[in-house]
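Report on the structure given below.
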Amino acid sequence: MPSALAMHSSTVVSRRTKSTLIIAALFLAQTLAYAADEPKLARVYVTFEGASPATVTPGKPAVVDLRFKVKEGFHVNSNQPKSELLIPTTLKLDLPTDLAAGAITYPPGKDLSFPFDPTEKLNVYSDEFTIKTKLAAAHTAASGNFTVHGELKYQACSDNACFPPKSIPVQFDVHVANHPKTAHHGTPQSPHIK
């Protein structure tokens with residue numbers, strides 16, 4: 001005969017599985033329902049609001065803040081939405097040859113519950129959020145301005161429905177200040193040697 005603890009554990013697992021399946025079914029049904037309308041609506045749920053000014057010198061990486069704004073009445077899944085069934089927000093950068101990116105740091109989202117399952121909390125971004133990335137310049141990088149391109153992938157939802165995943169372009173400039181190497185001064189040569 002199973003113990004009370006085993007029965008309780010199986011009930012908790014069963015509830016979690018049921019909640020996960022309910023969330024997945026609702027998202028799938030709502031995504032399919034709204035997918036037909038999406039091309040007509042061509043809605044933009046997130047906008048890129050710009051980047052902090054950045055100057056990079058070889059050997060001294062700089063952190064760049066990329067600011068995004070979510071349209072009022074909507075939210076997007078965070079980078080860690082608490083369910084493997086949800087599409088996380090991700091940033092991908094395409095850098096010029098002389099630049100390299102370090103870690104991309106995503107902000108923590110807010111844990112919110114929604115009418116379709118008030119017992120389950122999802123981790124989301126709403127209003128404004130900032131993603132940070134560290135950029136470094138190669139020692140051979142030329143001085144000047146470099147343009148970084150990229151895209152933010154996200155899935156937007158309202159309180160009642162989720163929409164097909166979208167992406168928006170990201171573009172910002174980085175200034176590289178590469179100080180010219182100074183000439184090596186060794187022992188002066190005798191003026192008598194030709």
Side-chain angles (χ1 to χ4, degrees), residues 20 23-24 27 31 38 42-114 120-159 161-181:
T20 301
I23 290 171
F27 280 148
T31 297
E38 189 66 17
R43 289 188 179 174
V44 175
Y45 302 102
V46 177
T47 54
F48 176 53
E49 299 293 304
S52 61
T55 298
V56 181
T57 56
K60 293 184 181 178
V63 174
V64 181
D65 293 344
L66 305 173
R67 297 179 308 278
F68 298 91
K69 185 173 185 177
V70 181
K71 187 175 179 179
E72 189 176 345
F74 296 91
H75 60 271
V76 297
N77 299 327
S78 75
N79 180 253
Q80 297 181 358
K82 292 192 171 182
S83 171
E84 64 278 356
L85 301 172
L86 301 177
I87 298 169
T89 295
T90 56
L91 176 69
K92 182 180 177 188
L93 297 176
D94 184 19
L95 297 156
T97 305
D98 289 340
L99 293 178
I104 293 175
T105 306
Y106 296 90
K110 296 176 188 171
D111 288 340
L112 299 175
S113 58
F114 298 97
E120 185 82 17
K121 288 196 173 187
L122 304 178
N123 196 260
V124 300
Y125 300 140
S126 57
D127 301 321
E128 297 178 356
F129 63 96
T130 300
I131 297 174
K132 296 176 181 289
T133 185
K134 187 179 279 190
L135 297 180
H139 288 287
T140 56
S143 295
N145 289 329
F146 290 80
T147 300
V148 176
H149 298 274
E151 72 175 3
L152 182 81
K153 292 185 178 179
Y154 67 90
Q155 182 174 27
C157 303
S158 67
D159 286 352
C162 283
F163 304 94
K166 296 189 82 143
S167 62
I168 57 166
V170 172
Q171 179 178 319
F172 60 96
D173 291 331
V174 175
H175 181 73
V176 174
N178 193 350
H179 304 293
K181 295 180 180 177

Least distance between heavy atoms, [X] atom then [Y] atom:
| X | Y | result |
| --- | --- | --- |
| L135 | V174 | CD1-CG2, 3.5 Å |
| T133 | A101 | OG1-CB, 4.2 Å |
| L66 | A51 | CD2-CB, 3.5 Å |
| H139 | G59 | CE1-N, 4.1 Å |
| S52 | R67 | N-NH1, 3.6 Å |
| P96 | V148 | CD-CG2, 4.2 Å |

- Item | Geometric class of the F129/F68 ring pair [parallel <30°, tilted 30-60°, perpendicular >60°] |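 Parallel: the ring planes of F68 and F129 meet at under 30°.
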
- Query: Angle class for the F48/F172 ring planes (parallel below 30°, perpendicular above 60°, tilted otherwise)?
  - Reply: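 Ring orientation, 0 to 90° scale: tilted.
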
- Are the side chain of T47 and the backbone N or O of E49 linked by a donor-acceptor pair below 3.5 Å?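 No, because the side chain of T47 does not come within donor-acceptor range (under 3.5 Å) of the backbone of E49.
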
- Message: For P88, is there any backbone N or O sitting under 3.5 Å from a side-chain donor or acceptor partner on K153?
- Response: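 It does not hold such a pair.
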
If we only count heavy atoms from C-beta on, is the [X] to [Y] side-chain gap below 4.5 Å?
| X | Y | value |
| --- | --- | --- |
| D159 | F74 | no |
| L152 | T90 | no |
| T105 | I131 | no |
| K110 | S126 | yes |

- Message: Between L122 and N77, is the side chain to side chain contact (heavy atoms under 4.5 Å, CB included) condition met? List the steps.
- Response: CA-CA 8 Å; L122 304 178; N77 299 327; 5.6 Å; no

- Assess whether atom CD of Q80 is packed by more than 12 heavy atoms of other residues, nucleotides or ligands within 6.0 Å.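 Atom CD in Q80 is not crowded, with 12 or fewer foreign heavy atoms closer than 6.0 Å.
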
To the nearest 0.5 Å, what is the distance between [atom1] on [X] and [atom2] on [Y]?
| X | Y | atom1 | atom2 | value |
| --- | --- | --- | --- | --- |
| Y45 | Y154 | OH | OH | 7.5 Å |
| S167 | L91 | OG | CG | 11.5 Å |
| N79 | Y106 | CG | OH | 5.0 Å |
| F146 | L95 | CZ | CG | 11.0 Å |
| L86 | Q155 | CG | CD | 7.0 Å |
| C162 | H75 | SG | NE2 | 5.5 Å |

- Can a donor-acceptor pair be found between the side chains of N123 and D111 at a distance below 3.5 Å?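 A pair is found: one side chain offers a donor N or O, the other an acceptor, under 3.5 Å apart.
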
- Message: Quick one about D173 and T147 (side-chain donor to acceptor, distance below 3.5 Å, no hydrogens or angles considered), yes or no?
- Response: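 Yes, because at least one side-chain N or O of T147 sits under 3.5 Å from a partner of the opposite role on D173.
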
- Could you walk me through whether T130 and E128 pass the side chain to side chain donor-acceptor pair (under 3.5 Å) test, one step at a time? CA-CA 7 Å; T130 300; E128 297 178 356; over 6 Å; no

- For side chain to side chain donor-acceptor pair (under 3.5 Å), just list the numbers for N145 and H175, CA-CA rounded to whole Å, side-chain angles, deciding distance to a tenth of an Å, and then say yes or no. CA-CA 4 Å; N145 289 329; H175 181 73; 2.9 Å; yes

- Item | Audit row: E151, V170, side chain to side chain contact (heavy atoms under 4.5 Å, CB included) steps and yes/no | CA-CA 5 Å; E151 72 175 3; V170 172; 5.6 Å; no

- Task: Please say which of S78, P81, P108 ends up in a side chain to side chain contact (heavy atoms under 4.5 Å, CB included) with Y125.
- Result: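 Result for side chain to side chain contact (heavy atoms under 4.5 Å, CB included) with Y125: S78.
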
